[in-house]
Amino acid sequence: MDKLSRDFYLADTIEVAVKLLGKILVHRIDQCEISGRIVETEAYLRDDPACHASRGMTARNAAMFGEPGHAYVYATYGNHYCLNVVTQPVGVPEAVLIRAVIPLSGVEIMQAKRNRTRLQDLCSGPAKLTQAMGITLELNGIDLLGDRLFIADDGTDVGPVVSRPRIGIRVATEKLWRFYPVKFAQWVSKR
DNA sequence: ACATCGATCTACT
DNA sequence: GTAGATCGATGTA
């Protein structure tokens, strides 16, 4: 498996969102490895009203303005965390939200953290997968080219990908920037 | 200093 | 299908 390069994240955000499908998200914690195959993403662009950074830099969204290939983790609705990967050059605040993965390794840890047993209930949502994989605010800004949290390519081809309206936002709902492979539709959030 | 509101999830009907 | 939980970040005063 090859860890994704800095150049991978430097590219066009929508292109990165599509190319991330089928890649493997890995979190190493206490000698253990928790991983899952990415099957649902959403793109957030700089001039996009739904993007946290569309109205300038704040303490929360600063990571989006930084180097591509770093994590942007934020808290919402009380106890939930969501994971994004930062794209584009320094100063261009764009990112891809990871919305769902298929559990691959560390499944027992995920089941314990989620208090659920069925594989489809572990990582089928942006805040579910962060809970299952132990990803919290302390990982905000971390470099995805390091060894703690990273994304790798094992050569899997996911086949045809569909684009749909993004979920859970109240503005810019006309943009079809939510992506998932047809053959993994049963593993994504909602519908 | 204070009021508002989520890039959500779960439980319940 | 609907509502409640839950709290940090953000905007307004």
Side-chain angles (χ1 to χ4, degrees), chain A residues 9 12-21 23 25 27 36 38-66 68 70-88 92-103 109-142 144 149 151 161-180 185-191:
Chain A
Y9 300 106
D12 175 79
T13 301
I14 289 174
E15 180 184 331
V16 173
V18 173
K19 283 184 162 181
L20 278 174
L21 298 170
K23 303 298 188 287
L25 175 65
H27 185 200
I38 298 168
V39 291
E40 184 185 4
T41 59
E42 282 180 358
Y44 287 87
L45 275 54
R46 54 187 181 281
D47 291 330
D48 165 14
C51 177
H52 287 170
S54 65
R55 287 183 295 278
M57 182 160 58
T58 65
R60 176 176 69 159
N61 67 26
M64 290 185 78
F65 289 80
H70 286 241
Y72 166 45
V73 183
Y74 68 90
T76 190
Y77 293 110
N79 291 329
H80 300 301
Y81 303 113
C82 295
L83 169 69
N84 297 254
V85 303
V86 176
T87 60
Q88 293 281 306
V92 181
E94 303 194 353
V96 175
L97 172 69
I98 310 297
R99 287 193 60 92
V101 307
I102 298 175
I109 298 172
M110 293 190 195
Q111 289 169 324
K113 288 183 179 295
R114 289 273 303 140
N115 196 28
R116 293 285 188 285
T117 53
R118 289 174 47 215
L119 294 186
Q120 271 119 328
D121 293 336
L122 298 180
C123 299
S124 55
K128 293 183 190 178
L129 74 91
T130 55
Q131 183 186 19
M133 299 186 71
I135 295 168
T136 64
L137 273 188
E138 90 182 61
L139 295 180
N140 185 34
I142 199 172
L144 298 176
L149 182 69
I151 302 176
V161 170
V162 295
S163 60
R164 292 280 181 271
R166 293 173 295 181
I167 287 184
I169 56 175
R170 310 179 69 140
V171 294
T173 51
E174 76 284 358
K175 307 291 189 191
L176 303 179
W177 291 343
R178 172 182 178 234
F179 306 97
Y180 60 87
Q186 69 208 30
W187 293 91
V188 310
S189 55
K190 299 185 178 179
R191 280 167 268 271

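Predicted model, so just to flag it, every value in this text is computed and none were measured. To find a chain, count down the sequence lines: A is the first, B the second, and so on, and within it residues start at 1.
Look at OH on A/Tyr74: it is 18 Å from P on B/dC5, rounded to the nearest Å. Across the protein-nucleic acid pair, A/Tyr77 atom OH and B/dC5 atom P stand 11 Å apart, rounded to whole Å. Between A/Arg99 atom CZ and B/dC9 atom P there is a gap of 7 Å when expressed in whole angstrom units. Look at CE on A/Met64: it is 16 Å from P on C/dA9, rounded to the nearest Å. Rounded to whole Å, the distance from CZ on A/Arg166 to P on B/dA7 is 11 Å. In this structure, A/Asn61 places its CG atom 12 Å from P of B/dA7, rounding to the nearest Å. A straight line from CG of A/Leu129 to P of B/dT8 spans 12 Å, rounded to a whole angstrom. Rounding to whole angstrom units, CD of residue A/Glu40 and P of B/dA7 are separated by 16 Å.
From A/Arg46, atom CZ reaches atom CD of A/Glu94 across 4.5 Å, with rounding to the nearest 0.5 Å. Atom OG1 in A/Thr41 sits 11.0 Å away from atom CG in A/Asn84 (nearest 0.5 Å).
Not a single donor-acceptor pair under 3.5 Å links the side chain of A/Glu42 to the backbone N or O of A/Trp177. Looking only at distances, no side-chain donor or acceptor of A/Thr87 sits under 3.5 Å from a matching main-chain atom of A/Thr13.
Shown here for A/Tyr72 and A/His52, the closest heavy-atom pair between the two residues is OH-ND1, 2.8 Å.
Among the protein residues, A/Ala75 comes within range of no part of the nucleic acid, since none of its heavy atoms lies under 4.0 Å from any strand. Among the protein residues, A/Ile169 comes within range of the sugar-phosphate backbone only, with heavy atoms under 4.0 Å from sugar or phosphate atoms but none that close to a base.
Within the structure, every side-chain polar atom (N or O) of A/Arg55 is placed at least 4.0 Å from both OP1 and OP2 of C/dT10. Contact between the side-chain N/O atoms of A/Arg170 and the OP1/OP2 oxygens of B/dT8 is not found at any separation under 4.0 Å. Side-chain N/O atoms of A/Arg60 include none lying less than 4.0 angstrom from OP1 or OP2 on C/dC7.
Stacking between A/Tyr44 and the base of B/dA7 is present: ring centres sit under 5.5 Å apart and the planes differ by under 30 degrees.
Closest to the side chain of A/Pro126, out of B/dT10, C/dT10, B/dT8, is B/dT8. Considering only side-chain atoms of A/His80, the nucleotide from B/dC9, B/dG6, B/dA7 that sits closest is B/dC9. The A/Tyr72 side chain lies nearest to B/dA7 when the options are B/dT10, B/dG6, B/dA7. Nearest nucleotide to the side chain of A/Asn84, out of C/dT10, C/dC7, B/dA7: B/dA7. Considering only the side chain of A/Leu97, B/dA7 comes nearest among C/dC7, C/dT10, B/dA7.
When both distances must be under 3.5 Å, the Watson-Crick or G-U wobble mate of C/dT6 does not exist. Base pairing analysis places B/dA7 opposite nothing; no Watson-Crick or G-U wobble pair with both distances below 3.5 Å involves it.
Checked against A/Leu149 for a side-chain contact (heavy atoms from CB on, under 4.5 Å), the options A/Val85, A/Val73, A/Ile135 give a single hit: A/Ile135.
Place A/Leu137 and A/Asn79 on DNA chain C by their nearest nucleotides, and A/Asn79 ends up nearer the 5' end.
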